[in-house]
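Worksheet for the structure shown next.
Starting from 1, each residue takes its place in the sequence as its number. If you're wondering where the values come from, they're calculated on a predicted model, not measured in any experiment.
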Amino acid sequence: MKLDGLGIFVKDMPAMIRFYRDVLGFEIKEDENTTNVYLEKDGTLFLFYRRTDFEKMTKKKFNYAENIHGHYELALSVENYNAVDTTYRNIISKGGTAVMEPETEPWGQRTCYVAESER
């Protein structure tokens, strides 16, 4: 078995498409009102799938993280500590939501967290 892709259950598809396309720079060709989005980034397949459609398909209700449109964590790497800070500021200036400002972890990794905007 090998990892083929990553599915993201989405609350607000237009907001997620705009965040990944306009803020993070992912190439997304689908219309903002689509049901599913398939995209590839650096050899990894991503699927955005509406939470409501997934629950309808499985005939089950699920709990999701509040105040964000997606339910997951993705690790995106940059070349050095300064690039972490620059990328963080760039994402926030384009409308991303600050979850945790950049900080250096005890194990030496420079980490920050951002989310799509709730606007």
Side-chain angles (χ1 to χ4, degrees):
M1 186 181 325
K2 72 176 191 116
L3 178 64
D4 188 43
L6 175 67
I8 301 172
F9 299 122
V10 174
K11 176 179 168 185
D12 183 333
M13 187 68 76
M16 286 296 284
I17 288 173
R18 287 189 300 271
F19 181 71
Y20 273 78
R21 183 190 61 213
D22 303 341
V23 176
L24 296 182
F26 282 46
E27 184 177 340
I28 298 176
K29 297 176 183 172
E30 284 86 358
D31 180 73
E32 289 185 6
N33 292 312
T34 191
T35 301
N36 292 324
V37 172
Y38 291 89
L39 64 112
E40 189 173 319
K41 177 72 172 166
D42 301 326
T44 301
L45 174 68
F46 291 84
L47 166 67
F48 294 167
Y49 195 64
R50 290 181 197 265
R51 293 175 186 177
T52 53
D53 294 336
F54 182 72
E55 290 178 348
K56 183 178 178 181
M57 180 178 71
T58 60
K59 298 175 181 70
K60 295 180 181 180
K61 292 294 265 175
F62 296 91
N63 295 318
Y64 299 99
E66 295 295 324
N67 301 320
I68 58 174
H69 297 296
H71 194 105
Y72 56 91
E73 174 186 349
L74 296 178
L76 302 171
S77 64
V78 294
E79 51 280 348
N80 57 46
Y81 279 14
N82 289 335
V84 172
D85 297 357
T86 300
T87 302
Y88 174 84
R89 287 190 304 271
N90 185 36
I91 290 171
I92 299 308
S93 74
K94 290 181 176 180
T97 300
V99 175
M100 184 184 93
E101 292 185 13
E103 61 182 57
T104 303
E105 302 298 342
W107 54 88
Q109 181 181 26
R110 187 84 172 145
T111 302
C112 65
Y113 286 91
V114 297
E116 72 289 338
S117 175
E118 261 299 317
R119 296 184 276 177

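Residue Thr35 is tested with Val10, Asp53, Thr52 for a side chain to side chain contact (heavy atoms under 4.5 Å, CB included); the sole match is Asp53. Partner Val23 forms a side chain to side chain contact (heavy atoms under 4.5 Å, CB included) with one of Val114, Ile92, Asn90, Ile91 and no other, that one being Ile91.
Linking ILVMFWY side-chain heavy atoms closer than 4.5 Å, directly or via other members, places Val84 and Leu24 in two distinct hydrophobic clusters. Placement of Phe9 and Leu45 within a single hydrophobic cluster is found when ILVMFWY residues are connected by side-chain heavy-atom separations under 4.5 Å, directly or transitively. With hydrophobic clusters built from ILVMFWY side chains whose heavy atoms lie under 4.5 angstrom apart, Leu76 shares a cluster with Ile8.
Here the CE-OG1 distance, from Met100 to Thr111, works out to 5.5 Å after rounding to the nearest 0.5 Å. Atom NZ of Lys11 and atom CZ of Arg50 lie 13.5 Å apart (nearest 0.5 Å). Annotation: the span from Glu30 atom CD to Ile17 atom CD1 amounts to 7.0 Å, rounded to 0.5 Å. The structure places CZ of Phe19 at 10.5 Å from NZ of Lys94, a figure rounded to the nearest 0.5 Å. Taken from CG in Leu6 to CG in Leu47, the straight-line distance is 9.0 Å, to the nearest 0.5 Å. The CG atom of Asp42 sits 8.0 Å away from the OG atom of Ser77 when rounded to the nearest 0.5 Å.
Annotation: Tyr38 is not in aromatic contact with Phe48 [ring centroid separation under 6.0 Å not met].
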Could you walk me through whether Val37 and Met13 pass side-chain contact (heavy atoms from CB on, under 4.5 Å), step by step?
CA-CA 9 Å; Val37 172; Met13 187 68 76; 3.8 Å; yes

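Within the 3.5 Å criterion, the main-chain N or O of Glu116 finds no donor-acceptor partner in the side chain of Arg18. The backbone N or O of Phe62 sits less than 3.5 Å from a side-chain atom of Glu55, completing a donor-acceptor pair. A side-chain donor-acceptor contact under 3.5 Å links Thr87 to the backbone of Ala83.
Under a cutoff of 6.0 Å and an axis angle of 45°, Arg51 and Tyr64 form a cation-pi pair.
Classification of the Tyr49-Phe54 ring pair by plane angle, with boundaries at 30° and 60°, yields perpendicular.
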Review item, side-chain donor-acceptor pairs of residues 101-109, under 3.5 Å, at least two apart:
unit_1	atom_1	unit_2	atom_2	d
Thr104	OG1	Arg110	NH1	3.1
Trp107	NE1	Gln109	OE1	2.9

